[in-house]
Amino acid sequence: MINRISVLVGIVLLGGSIASFADAADPKYRNFRVAIYVTRDTVNRWADPQNLAVAFDNMSNQVKFDKVYLEIASGKSLVREETIEPIKKFFIDRGIQVSAATAPNGNSGYNGANSQGGSLCFSSVADRDYLKGVAELAARHFDQIILDDWFFSASKTAADIAAKGDKSWAQYRMDALDDAALNLLIKPAKAINPKMRLVIKYPNWYEHYQGLGYDLEVEPRIFDAIYTGVETRDPIFWEQHLQQYESYDIMRYLENVKPGGNDGGWVDTLLTQYIDRYPEQIWDMAFAKPREITLWQWNDALKPINIGARPWQDQETSFSYPKMLASFQSAARIGAATTEAAPPAPASQTSGADNRGPGGRNNQPIDDPRNGRVAGYALEQVDSFLDKLGKPIGIPAYRPPHATGEEFYHDFLGMAGFPIDLHPTFPEDTNSPVILLTESAKFEPDIVKKIKTQLAAGKEVTITSGLLRALQGRGIEDISELEYTDQKVAVTDFMVRNGQVIPDAKTDAPILFPIIHLLTNQSWGQVNGFDDRSPENAYPIVLRDAYDHGFLNILVLPDNIADLYRIPTPALNAIRNQIMGSFPIRLVDAPAQVSIFAYDNGAFIVQSFLPNETTVTVALIENPTRITDLLTQQNISPAVFGGGGGRGPGGGGRGRGTRFTIAIPPHSYRAFISQK
């Protein structure tokens with residue numbers, strides 16, 4: 001087993017490139033490429049040219065695409081090598097890029113599937129030989145391969161236990177995967193094909209990468225590029241509880257992990273309760289401006305649409321089912337005119353189901369819209385205005401590689417109207433007047449020193465209550481003597497610092513917050529919460545403490561982070577107002593589960609994940625004379641407010657800004673550019 005220093009030496013020897021893959025000769029979209037992943041069983045079925053031709057026509061009528069990823073290996077099985085070149089030629093002849101792909105999972109088990117956790121066992125000679133063989137097969141036929149996010153280890157076989165020794169499971173697995181990446185994938189592939197480009201796709205569960213072996217310190221350096229899994233799927237019933245905002249947030253995080261080397265985002269239709277969730281994932285990914293978008297997978301894109309229970313389905317929303325249906329007729333006509341027709345397959349001819357779900361019967365002509373048309377409709381819509389957006393900006397936040405603590409809280413905050421730009425290194429070189437640190441920042445050894453540097457420069461640093469707790473005894477006391485306690489307060493109402501109760505800010509049921517102890521006249525609660533049964537005891541939700549030229553803010557988060565969404569709008573306005581400071585584009589009046597995406601050219605997007613139409617107020621510090629809807633070209637003039645604006649005390653703006661009132665339909669977004 002090699003160590004991490006050896007891996008980094010190997011980077012220099014290999015001279016890994018981060019150059020982007022060649023663009024399609026005839027790009028189908030203005031702002032990104034679209035790729036479709038094709039699983040191994042489907043690739044094998046395409047050994048029959050008729051199956052392939054009909055499948056291509058079917059897909060071309062659903063969604064425009066520039067590229068396919070052909071899975072050459074999965075589940076310890078390889079495609080038939082003799083079928084690769086004819087399939088490649090078919091797509092290349094039609095102007096479609098072709099790359100290899102693999103899902104390096106091991107569903108046969110080294111010591112049984114349970115002990116191997118569905119993954120390969122990197123202590124098994126057979127599994128190591130298999131993975132090396134996959135890399136060599138790809139290099140013989142392709143210039144690029146992408147690893148599906150099964151390149152992890154959940155294996156706890158006897159061999160793993162012996163090899164692990166005294167290491168933590170996370171450290172053992174990261175070392176094992178670093179070794180496998182370099183010596184079983186990268187070096188063997190480049191020995192055969194020096195032009196070979198290897199891309200690792202990371203899954204959606206970024207908070208847990210290190211536990212299963214993904215190494216955000218080493219792997220982005222040794223792979224030519226990385227790729228981002230944005231699949232947020234169902235945020236309520238699925239046990240991961242991934243919030244919708246993560247489809248954007250993780251794109252920005254991995255772009256900051258490997259600037260210019262994050263090839264794109266990857267979305268699927270799995271585990272969605274209603275069809276709107278599929279385009280929502282696509283839009284939120286697209287708002288981060290990826291270079292490529294991959295749809296997983298071909299057969300799923302040709303499955304019938306499951307609309308699901310959508311209480312808002314009769315309203316005019318960003319995803320319009322009737323308009324999507326109408327768009328299919330246009331797509332079908334274009335497809336018929338631009339693709340090479342294949343003879344119809346006999347009615348009795350069928351093909352087997354894919355090994356990862358039903359479907360896969362793609363050798364029959366399809367004459368109705370499928371999931372692929374839903375994706376096509378969403379892609380075409382967002383492609384119409386992405387070039388009007390500048391570079392994404394947000395409150396710089398910090399999650400060191402391998403960190404844990406307040407897991408996925410950045411995404412919950414994004415859902416509460418805080419624009420987040422997540423970084424793997426401390427964001428000390430940004431121009432932002434405020435940075436945000438959650439508990440995961442405790443993994444930075446010099447975190448207190450870095451906070452002091454920001455404050456000495458006159459900036460604001462907001463830390464969560466979880467980070468305050470983690471830094472007690474590590475020097476945070478030298479900045480502020482605020483103390484996290486084990487006591488709780490059940491909050492039903494809110495007030496601002498002067499004791500004025502925020503009107504219309506009563507919770508539907510008490511929300512538990514930790515109590516932070518403060519020193520009178522040293523720091524004060526800017527927003528406070530109390531139980532209406534004992535209003536004499538109000539405790540801080542947002543605290544502010546001066547240090548040097550700057551201010552340290554403490555954001556106290558509820559015990560159950562999902563209760564963030566239950567904070568009444570006027571109280572949430574006051575909290576955002578304190579944390580956002582002079583950020584140039586802000587939500588000054590909006591409920592939870594409304595997100596804002598900001599760009600450095602004054603453009604912004606407001607998206608609602610609520611089931612009803614919502615009216616929000618946005619403030620822009622640059623004081624534009626109007627904003628223009630990028631989809632409808634409608635102009636909106638500034639709203640007229642007296643005093644601080646917003647709803648309730650503290651709701652309007654510690655900063656300045658011209659305010660605009662915007663109505664957002666349910667599960668919809670609106671995109672704007674400011675005009676001077």
Side-chain angles (χ1 to χ4, degrees), residues 405-406 409 412-413 416 434-444 447-452 454-456 459-502 505 507 510-561 563-564 566-567 571-572 574-579 581 649-650 654:
E406 294 184 329
Y409 275 27
F412 282 92
L413 290 168
V434 60
I435 64 172
L436 173 68
L437 304 174
T438 66
E439 186 187 352
S440 58
K442 69 187 180 185
F443 278 74
E444 166 60 59
I447 188 62
V448 173
K449 179 180 178 181
K450 291 178 181 294
I451 292 173
K452 287 182 179 180
Q454 293 292 300
L455 298 175
K459 297 188 177 183
E460 295 191 22
V461 178
T462 294
I463 70 173
T464 61
S465 46
L467 182 58
L468 176 65
R469 175 183 56 191
L471 294 183
Q472 290 183 171
R474 288 183 53 185
I476 193 66
E477 300 84 358
D478 195 39
I479 299 174
S480 174
E481 291 179 286
L482 295 168
E483 181 183 357
Y484 184 100
T485 75
D486 292 330
Q487 298 170 306
K488 309 292 180 184
V489 58
V491 169
T492 62
D493 295 82
F494 297 83
M495 65 173 62
V496 291
R497 179 183 169 187
N498 60 12
Q500 184 180 359
V501 174
I502 301 176
T507 65
I511 300 174
L512 282 180
F513 286 89
I515 293 176
I516 307 298
H517 178 262
L518 56 84
L519 298 180
T520 300
N521 283 327
Q522 176 60 61
S523 54
W524 296 99
Q526 305 300 306
V527 181
N528 303 282
F530 62 92
D531 187 332
D532 61 2
R533 295 167 298 184
S534 53
E536 297 85 358
N537 287 319
Y539 294 94
I541 305 300
V542 179
L543 296 99
R544 188 169 171 83
D545 195 350
Y547 181 87
D548 205 337
H549 292 87
F551 289 95
L552 179 72
N553 300 317
I554 310 296
L555 175 60
V556 183
L557 293 172
D559 277 12
N560 178 357
I561 188 60
D563 283 342
L564 187 65
R566 295 179 46 230
I567 296 176
L572 185 58
I575 294 169
R576 275 196 303 257
N577 172 52
Q578 292 298 321
I579 301 304
R654 184 156 59 87

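Values below: all heavy atoms of this structure, side chains included; hydrogens, waters and symmetry mates excluded. Note that the structure is a prediction, hence the values are computed from the model and not measured.
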Is there a side-chain contact between N537 and V489, using heavy atoms and a 4.5 Å cut-off? no
Can you sort out the partners of F412 under ring pair (Phe, Tyr, Trp, His ring centres under 6.0 Å), two or more places apart, ordered by chain and number? Y565
Please tabulate, for side-chain N and O atoms in residues 512-525, each donor-acceptor pair with protein atoms closer than 3.5 Å (sequence neighbours left out).
| unit_1 | atom_1 | unit_2 | atom_2 | d |
| --- | --- | --- | --- | --- |
| Q522 | NE2 | D545 | OD1 | 2.9 |

Distance-only, no hydrogens or angles: does the E406 side chain make a donor-acceptor pair with backbone N or O of E439 under 3.5 Å? yes
Roughly how far, to the nearest 0.5 Å, is the CG atom of L543 from the CG atom of L482? 5.5 Å
So F494 and T507, do their side chains get closer than 4.5 Å, heavy atoms only? yes
Just wondering, do R544 and R497 contact through their side chains at under 4.5 Å, heavy atoms? no
Tell me, with the steps shown, if Y547 and L552 meet side-chain contact (heavy atoms from CB on, under 4.5 Å). CA-CA 7 Å; Y547 181 87; L552 179 72; 5.6 Å; no
Keeping Q578 on the side-chain end and A574 on the backbone end, is there a donor-acceptor pair under 3.5 Å? no
If every non-hydrogen atom of E477 is compared with every non-hydrogen atom of E481, which pair is closest and at what distance? O-CG, 4.0 Å
Quick one, Y409 and L564 - any side-chain contact, counting heavy atoms below 4.5 Å? no
Measuring from T485:OG1 to L468:CG, what's the distance to the nearest 0.5 Å? 10.0 Å
Rounded at 0.5 Å granularity, tell me how far CG in N577 sits from CG in L572. 11.0 Å
In short, N528 meets A538 closest at the heavy-atom pair CB-CB, 4.2 Å
If you look at every heavy atom in L455 and D548, which pair is closest and at what distance? O-CB, 4.2 Å
Test item: I451 and I463 side chains (from C-beta on) under 4.5 Å apart, heavy atoms: yes
Among T464, I447, L555, whose side chain to side chain contact (heavy atoms under 4.5 Å, CB included) with L437 holds? I447
Check: L436 and L413 side chains under 4.5 Å, non-hydrogen atoms: yes
Is the side chain of R469 donor-acceptor paired with the backbone N or O of D486 at a distance under 3.5 Å, no angle test? no
Please tell me if the side chains of N553 and E460 come closer than 4.5 Å, counting only heavy atoms from C-beta onward. yes
Under the side-chain contact (heavy atoms from CB on, under 4.5 Å) test, which residues partner R566, sequence neighbours left out? D508, A509, I511, D563
Point-to-point distance, once rounded to the nearest 0.5 Å, from CD1 of I567 to CZ of R576: 10.0 Å
Does atom NZ of K488 have more than 12 heavy-atom neighbours, drawn from other residues, nucleotides or ligands, at distances under 6.0 Å? yes
Side chains of I502 and V496: does their closest heavy-atom pair fall under 4.5 Å? yes
Kindly compute the distance separating CD1 (I476) from OH (Y484), expressed to the nearest 0.5 Å. 15.0 Å
